[in-house]
Every structure is written in C-alpha cells, then in structure tokens.
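Report on the following structure.
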Amino acid sequence: EVGGVATQVLARIYEERGEHARWVEVLRKQAEYAETSQARQEIFFRIAAIQEEKMGSAELAIATWREVLAEDHDSGRALDALERLHNARREFAELVEVLRKRIAVNDSPEQRRALLLRVALLQERELRNVSETIIAYQEAVDLMPEDVDALRELARLYRQERRFADLFDNNERLLPACKDPGERAV
C-alpha cells in the first residue's frame, strides 16, 4: 500500500515537471502492483499515450502496445493503436501482422473478409509478395466461396504467375458465382 501511494505521488511530480521518462518508469512500477489485469492494462494504455504524445516515440509506444497484446491477445485498443502507428510509419509487414491478429480474433466472416482483402492489397502493392497476396485472396474465398471480387483477383494473379491449373480451378468456382451473364468474362 505504501509503495502504491509513493508511486502515485512520484508519478504526479514527474508529470508536473515534464520528466516523461521517469514518469513512465513510475507508471511501470504501478503496473507491477496493479491488483487486476484490467487495472494493469489501463496503466499500460497511459504509458503508451505518454510515449507517443509526450515523448514523441512511436517505437516505445509500439513496444508498450505489444506488451498489452502479450497479456490480452485480442485487445481491440492495442490492435487499433498498432494498426494506426504501423500505417503512419509505413511499416507494412508489421501492419500485415496486426491485421492477421485482427483476423484471428474476429468472429464476423464479413469483417474477416474485409481484413483479408486489406492484407492482400498490402502484400501486393506495398510488399510486392505475390504468393502471400494469393494466400490472402484464397483465405477470403474460403470464408465466402462466392466472393466474385476475390475470385477475379485470384484469376488475374494466376494468369500473371502462369499458374494455369490454378486458374482453371479458380474459373470453375468463378463462373457459377457470377450472377449476371455479363460478369462471366474471365
């Protein structure tokens, strides 16, 4: 109890003095004494905000948000922050990793599909990784077998990569999925 009061007083002093690094140290000590996981997370949320906003260190904030995810792998707040930070820093491999974590914890097929399409776009446009792009589109089709957009993208990629057996199999799925005869041009 005394340690908790002392850290609160120190935190307030360091905050008022603008000694952000020391403030973070004291908050980390408070996190050690936190009685619940939720209280501990709230302290880490505060630490990450200080690191990003007061200290101007996205790197430190990212490390703290990763600590939150290590304790609570489906923390929406941590995933949101990591997605925003990696996107702003144009760290596309890390952004894909965050999106993959979102996919893993999301129950909605529609939302998972949307995330997979984002992963596919990042893999193709930013990371230039065609095989991972194909995997993401295949996963989207596995979720929603009549996803004409994903099937069309797969057809384009299979043609581009000269994977004609895969193109044939894909077109076998694409043609029945096209509701309008005008869509059937492959």
Side-chain angles (χ1 to χ4, degrees), residues 41 44-45 47-49 51-53 56-186:
Q41 280 193 2
F44 276 104
F45 295 162
I47 290 169
Q51 291 168 325
E52 183 180 356
E53 297 163 13
S57 177
E59 285 178 39
L60 290 174
I62 287 169
T64 299
W65 286 117
R66 288 189 183 277
E67 286 180 69
V68 171
L69 277 183
E71 192 170 301
D72 178 9
H73 72 278
D74 62 349
S75 168
R77 196 161 166 187
L79 290 169
D80 288 345
L82 286 168
E83 184 177 339
R84 178 180 51 75
L85 288 165
H86 288 308
N87 193 44
R89 293 165 54 97
R90 301 186 56 79
E91 297 170 337
F92 298 116
E94 292 83 357
L95 178 56
V96 165
E97 179 185 319
V98 171
L99 294 175
R100 287 280 184 194
K101 286 179 182 174
R102 280 192 181 282
I103 292 164
V105 300
N106 198 310
D107 293 331
S108 163
E110 292 82 12
Q111 289 177 1
R112 289 175 69 203
R113 174 196 175 269
L115 291 166
L116 284 164
L117 296 181
R118 283 186 61 200
V119 166
L121 286 173
L122 286 167
Q123 289 290 0
E124 184 173 17
R125 293 181 183 169
E126 303 299 340
L127 299 172
R128 309 266 188 247
N129 188 331
V130 176
S131 63
E132 288 297 320
T133 303
I134 288 171
I135 289 169
Y137 281 125
Q138 286 171 334
E139 290 177 50
V141 170
D142 289 345
L143 273 176
M144 299 184 160
E146 294 189 3
D147 184 340
V148 173
D149 295 331
L151 288 165
R152 284 189 184 283
E153 289 301 316
L154 280 170
R156 177 183 60 80
L157 292 165
Y158 289 147
R159 258 192 311 277
Q160 172 186 310
E161 295 299 302
R162 305 184 63 78
R163 290 174 53 176
F164 298 117
D166 290 327
L167 177 61
F168 179 81
D169 292 341
N170 187 72
N171 287 345
E172 290 288 309
R173 294 173 81 178
L174 176 59
L175 292 175
C178 294
K179 306 295 183 218
D180 179 8
E183 288 183 317
R184 293 184 183 214
V186 181

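Closest approach of Glu124 and Thr133 over heavy atoms only: N-OG1, 3.1 Å. In terms of heavy atoms, Asn170 sits closest to Leu151 at ND2-O, 2.8 Å. The shortest non-hydrogen separation linking Ala150 to Asp147 is N-OD1, 3.1 Å. Heavy atoms only, all atoms of each residue included: Ala78 and Trp65 are closest at CA-CE3, 3.4 Å. Considering every non-hydrogen atom in both Arg113 and Ala140, the closest pair reads CG-CB, 4.5 Å. Here the closest non-hydrogen pair linking Ala58 and Arg89 is CB-NH1, 3.5 Å.
Ion pairing between a basic and an acidic side chain is recognised when a charged N comes within 4.0 Å of a carboxylate O; Glu94 and Arg66 show no such pairing.
Put simply, CG on Asn129 and CD on Gln123 are 5.0 Å apart, with the number rounded to the nearest 0.5 Å. Summarising the geometry, atom SG belonging to Cys178 is positioned 13.0 Å from atom CZ belonging to Arg173; distances are rounded to the nearest 0.5 Å. In this structure, CG in Asn171 is found 11.0 Å from CG in Asp166, a value given to the nearest 0.5 Å. Between the CG atom in Asp142 and the CD atom in Gln138 there is a gap of 7.0 Å [rounded to 0.5 Å]. Distance CG/Leu79 to CG/Asp72: 9.0 Å, rounded to 0.5 Å. Taking CG of Asp169 as the start and CG of Leu174 as the end, the distance is 12.5 Å to the nearest 0.5 Å.
Taking the side chain as every heavy atom from C-beta outward, Ile103 and Val119 approach each other to under 4.5 Å. In this structure, Arg77 and Val68 have side chains that are not in contact, with every pair of non-hydrogen atoms separated by 4.5 Å or more. Put simply, the side chain of Tyr137 does not reach to within 4.5 Å of the side chain of Asp149, judged on heavy atoms. Annotation: side chain of Glu91 is in contact with side chain of Ile62 (closest heavy-atom distance under 4.5 Å).
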Checking Arg100 against Val96 for the side-chain contact (heavy atoms from CB on, under 4.5 Å) test, could you report, in this order, the C-alpha distance in whole Å, the side-chain angles of both residues, the deciding distance, and whether it holds? CA-CA 6 Å; Arg100 287 280 184 194; Val96 165; 4.2 Å; yes

Take Ile47 and Glu67 through the test side-chain contact (heavy atoms from CB on, under 4.5 Å) and record every step on the way to the result. CA-CA 11 Å; Ile47 290 169; Glu67 286 180 69; over 6 Å; no

Yes or no on side-chain contact (heavy atoms from CB on, under 4.5 Å) for Arg156 and Tyr158, after CA distance, side-chain angles and deciding distance? CA-CA 6 Å; Arg156 177 183 60 80; Tyr158 289 147; over 6 Å; no

Taking it one step at a time, do Arg112 and Glu139 satisfy salt bridge (charged side-chain N to carboxylate O under 4.0 Å, His left out)? CA-CA 9 Å; Arg112 289 175 69 203; Glu139 290 177 50; over 6 Å; no

Report the C-alpha distance between Glu132 and Leu127 in whole Å, list the side-chain angles of each, state the deciding distance to 0.1 Å, and finish with yes or no for side-chain contact (heavy atoms from CB on, under 4.5 Å). CA-CA 9 Å; Glu132 288 297 320; Leu127 299 172; over 6 Å; no

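Remark: Glu71 pairs with Ser37, Arg40 by the side chain to side chain donor-acceptor pair (under 3.5 Å) rule, at least two apart or across chains. In terms of the ring pair (Phe, Tyr, Trp, His ring centres under 6.0 Å) criterion, Phe44 has no residue partners (sequence neighbours excluded). Not counting sequence neighbours, the partners of Arg102 by the salt bridge (Lys or Arg N to Asp or Glu O under 4.0 Å) test are Asp80, Glu83.
Judged purely by atom type and a 3.5 angstrom limit, Arg128 uses its side chain to pair as donor or acceptor with the backbone of Arg125.
Annotation: Gln160, atom CD; neighbour count of heavy atoms from other residues, nucleotides and ligands within 6.0 Å is above 12.
Side chain to side chain, Thr64 and Gln51 meet the donor-acceptor criterion of an N or O pair below 3.5 Å.
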